[in-house]
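Notes follow the structure.
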Amino acid sequence: LFNTLAAVRVKLNTMLLYSRSSRAMNISTSGILRLNRSATYARSINASVSRKSFCLAADSKILEKSSVQTPKHTIQVLDENGKDVTPRPVYQPDPAAVQSKHSKIFASDTSGGTMSDFYSTTYQTTTNASFAGAFTRSLFGSGSVSIGSQSIMESMSEEIEDPSSKRDNSISLSDVQVKREEVKELIQEEMLDDMVDLYLVESDTLCLLDMPAISVSVDSMEAESVKERNSRYTELCKNRTGNDKYMGRSMQTFNGASKTKEVQSEAITMADAATIANNWDMYDSFCSAGQGEVDLSTDTDKASIAEMIHQNHGPTRTMERTMSVISSSTIVSSSSSRMEMEPFVVPSESKPDPELILQSEEFQQHLFVMERIILENIYQPKLAAYRQLPTLEGMVLLEESSLDEEGPPTPALERLWSFSCELTTGRNVSSMAWNKRNPDLLAVGYGQFAFKDQKPGLVCCWSLKNPSWPERIFTCQSGVTALDFSASSASMLAVGMHDGTIATYNVQSREKTPVIDSSDCVHKHTSPVWQVRWINHERALSGEDKGEALISVSADGRISKWFLRKDLMKLKRTRNDRFKRQVGEKERKSEALISRQAPGLCFDFHPTDSNIYLAGTEEGHIHKCSCSYNEQFLETYQAHKGPLYRITWSPFCSDVFLSCSSDWTIQLWRQDLFTPVLGFMSTQRAVYDVMWSPKWATVFGAVNEGRMEIWDLGASILDPTIVNPASPGVKLTSLLFATETDCVLVGDSDGQVSVYQLKNFTAGEGTQVGTLEDIIGSTLASQL
Amino acid sequence: MAEVEETLKRIQSQKGVQGIIIVNAEGIPIKTTLDNSSTVQYAGLIHQSVMKARSTVRDIDPQNDLTFLRIRSKKNEIMIAPDKDYFLIVIQNPSD
């Protein structure tokens with residue numbers, strides 16, 4: 001600017017050949033400065049300088065104000081300097097300030113010039129208005145520059161060049177100045193009044209182009225002056241021609257080298273995003289957004305949430321932040337603000353591996369459920385019959401079961417299905433037990449009875465819902481001979497084995513090993529454990545005995561009570577009972593002698609009095625014992641001639657119990673009689689198992705080697721009501737009634753557990769307790 | 001893993017099971033016992049069906065979710081166990 005200023009000055013000197021070119025220029029510049037007051041941008045330094053210059057022109061006092069003032073907005077300048085409310089100081093900065101913006105204007109260039117310049121010029125200023133006028137005119141006339149509006153310039157120049165007199169010029173100048181100032185002052189005073197509370201500050205207005213109106217309304221206050229000016233101007237124009245006072249001069253200006261500048265911006269990538277806002281979609285995103293960046297286990301979760309967030313919130317910086325927080329190492333945190341597409345791409349790559357899927361927990365669970373469902377499809381009629389539900393038509397071709405409905409329907413057994421799989425084929429079913437809590441869960445123990453063909457035993461837990469594969473499979477080192485589920489902790493299964501070991505398994509877990517094993521116990525059984533039972537001692541003598549205990553009987557002649565300690569099965573010695581073999585004693589003698597021990601084969605606790613139990617031995621004796629007496633039996637019942645395989649109290653009549661033995665007979669006893677009330681014999685086969693029906697007091701089932709029999713004492717005491725022969729070559733070994741339905745389970749020596757339904761069978765209404773007692777009574781009466 | 005294989009074998013050997021398809025979340029079959037064209041067809045169509053079913057269930061109650069889907073037709077039954085990572089599809093004709 002300085003250079004241009006100097007250049008202009010030089011030019012002026014050369015061209016105009018006036019010594020006061022600088023001054024003139026200054027004044028001209030000031031005029032121009034004044035012209036451009038409409039621009040709002042102001043440099044205070046320049047303003048101050050220009051102010052000074054004007055002050056000199058009009059008022060020398062202002063020269064003293066040489067203090068530099070900080071750059072301020074025009075309006076603010078006003079406010080700050082209350083004293084400078086005088087029109088002139090207010091007025092002055094604007095043109096200078098404005099001029100500084102316009103690079104192409106001399107004036108602006110000059111205004112941008114250093115303060116020193118102005119100082120020098122101002123000091124020198126004598127304001128020879130006429131000169132100024134001439135010069136300005138020449139300057140203006142040379143038609144440089146786009147200041148605000150050409151017409152104003154012209155008008156200004158006209159005013160300046162008022163040929164009437166210097167004074168006129170000056171007056172005009174000053175007049176104009178004054179007027180302008182006045183006008184401006186008016187405006188600014190008004191604004192001042194309005195802006196006492198200057199709190200609403202708008203952002204700086206950058207005025208890039210200002211085209212002040214070149215016409216004034218007829219009604220405005222300026223109208224008169226403007227009209228006067230205009231008339232003067234027209235007069236001037238008329239006077240101009242042929243007047244010596246006016247000389248035309250040309251000037252050449254530097255044309256600034258133009259330069260084109262190109263700017264390129266990155267293309268704005270547009271992407272369409274659409275979503276269907278489902279009810280659940282909104283719920284999901286609400287939940288996940290609420291949880292924020294917590295616990296996103298799988299990548300697909302992140303992907304879905306990323307998509308949701310993107311779709312719902314739109315591309316913003318916040319989304320990127322949440323994205324990066326949500327993302328684990330798999331998602332690249334997008335640093336570039338533009339590429340919001342990145343987070344989508346990355347999550348889709350990290351989809352779960354197929355291998356992972358196949359191994360995952362949920363997949364196994366799904367497979368498990370699927371298998372059951374498939375089997376349900378297959379077995380639906382059978383299962384429905386079991387549960388006494390109507391069967392669905394059309395799923396499976398129903399065998400025409402309702403073929404021969406002639407006469408009164410005979411009670412029969414219908415085979416529904418059998419639990420077996422390739423694991424169990426060839427094994428002998430030795431015991432079965434229902435789970436106490438889940439009536440659909442059946443535990444079956446496989447083990448050989450005979451000593452000679454021992455092989456590792458197996459315990460399978462079958463569920464009714466899957467007859468083709470057991471839910472749990474436990475292999476034991478020796479054949480399983482006894483099973484029982486605990487009642488208090490329904491997942492505990494006690495297993496007695498052929499080598500005398502007792503183990504407890506937790507069927508809930510998938511472990512294949514027993515929870516507790518008795519093999520480390522000092523007093524463990526040394527012979528096969530033929531029966532185990534969980535007994536709940538309610539009336540316990542000491543605190544320790546309360547609750548459930550495991551009782552076992554084994555061939556070494558002991559009935560033992562086991563307590564389960566952590567990792568150890570401890571045998572409580574004080575409850576040992578030993579079977580005594582009576583040698584050479586008369587049968588009526590109830591007192592037992594201490595003698596050699598007899599192997600115990602079975603026992604049963606009284607249903608109501610848990611202290612009393614019956615035990616059967618290999619010799620055929622039944623001993624009634626009590627838990628409180630360890631040394632002696634209470635009673636002995638002798639009738640059987642062979643080993644007793646099963647003793648069972650009647651669930652309905654508390655005095656009555658059944659026993660079966662290998663002497664082909666089943667005996668019905670009453671507690672107080674030492675001879676059996678009734679004896680049942682049907683075939684010449686050892687009866688392996690007998691069980692009371694849980695539904696009728698007069699019904700029981702028995703299994704001997706060749707067939708399975710259901711006896712109904714109310715119907716006949718001589719013959720079984722239903723007989724079901726076994727498949728050839730297969731021996732039936734165990735029997736179990738289903739508790740809630742009319743079904744019977746029969747285990748055989750081939751590893752199959754067959755489920756039979758009792759069809760057309762009923763012993764009558766109610767539990768038939770009375771009938772049983774009647775029968776017993778009548779039998780006894782007839783015996784007498 | 002072995003257990004999974006065993007279970008799959010057992011399911012395959014059950015009466016009437018025509019095929020098992022395991023499809024990942026995008027509808028691409030991972031494992032199948034059917035031929036390729038059938039697999040692809042089943043996978044594509046069933047994927048859409050399950051999505052629609054799931055959407056229906058969740059629209060009614062967003063806290064609910066689809067656990068199992070069975071489509072019984074005249075000739076067979078298609079059972080689908082959906083999960084967020086995969087679908088397990090079994091086609092069975094129990095009257096075979």
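All values below were derived from every heavy atom in this structure, side-chain atoms included, with hydrogens, water molecules and symmetry-related copies excluded. Chain naming here is simple, since letters A, B, ... match the order of the sequence lines and numbering starts at 1 in each.
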**OP:** Kindly state whether the ring of B/Tyr86 and the ring of A/His366 have centres lying under 6.0 angstrom apart.
**Re:** yes

Subject >> Test salt bridge (Lys or Arg N to Asp or Glu O under 4.0 Å) applied to A/Arg415 - qualifying residues, sequence neighbours left out >> reply: none

Subject >> Contact winner vs chain B - A/Asn278, A/Leu375, A/Leu367, heavy-atom pairs under 4.5 Å >> reply: A/Leu367

**OP:** Evaluate the criterion salt bridge (charged side-chain N to carboxylate O under 4.0 Å, His left out) for residue pair A/Glu376 and B/Arg70; output intermediate values, then yes/no.
**Re:** CA-CA 13 Å; A/Glu376 185 218 338; B/Arg70 288 170 90 161; 3.7 Å; yes

Original post:
Do you know which of B/Asp59, B/Asp65, B/Leu8, B/Asp61 has the most heavy-atom pairs under 4.5 Å to chain A?
Top reply: B/Asp59

Original post:
Looking only at side chains, do A/Gln757 and A/Tyr386 share a donor and an acceptor under 3.5 Å apart?
Top reply: no

Original post:
Of the backbone (N, CA, C, O) and the side chain (C-beta and beyond), which part of B/Leu88 lies under 4.5 Å from a heavy atom of chain A, both, or neither?
Top reply: both

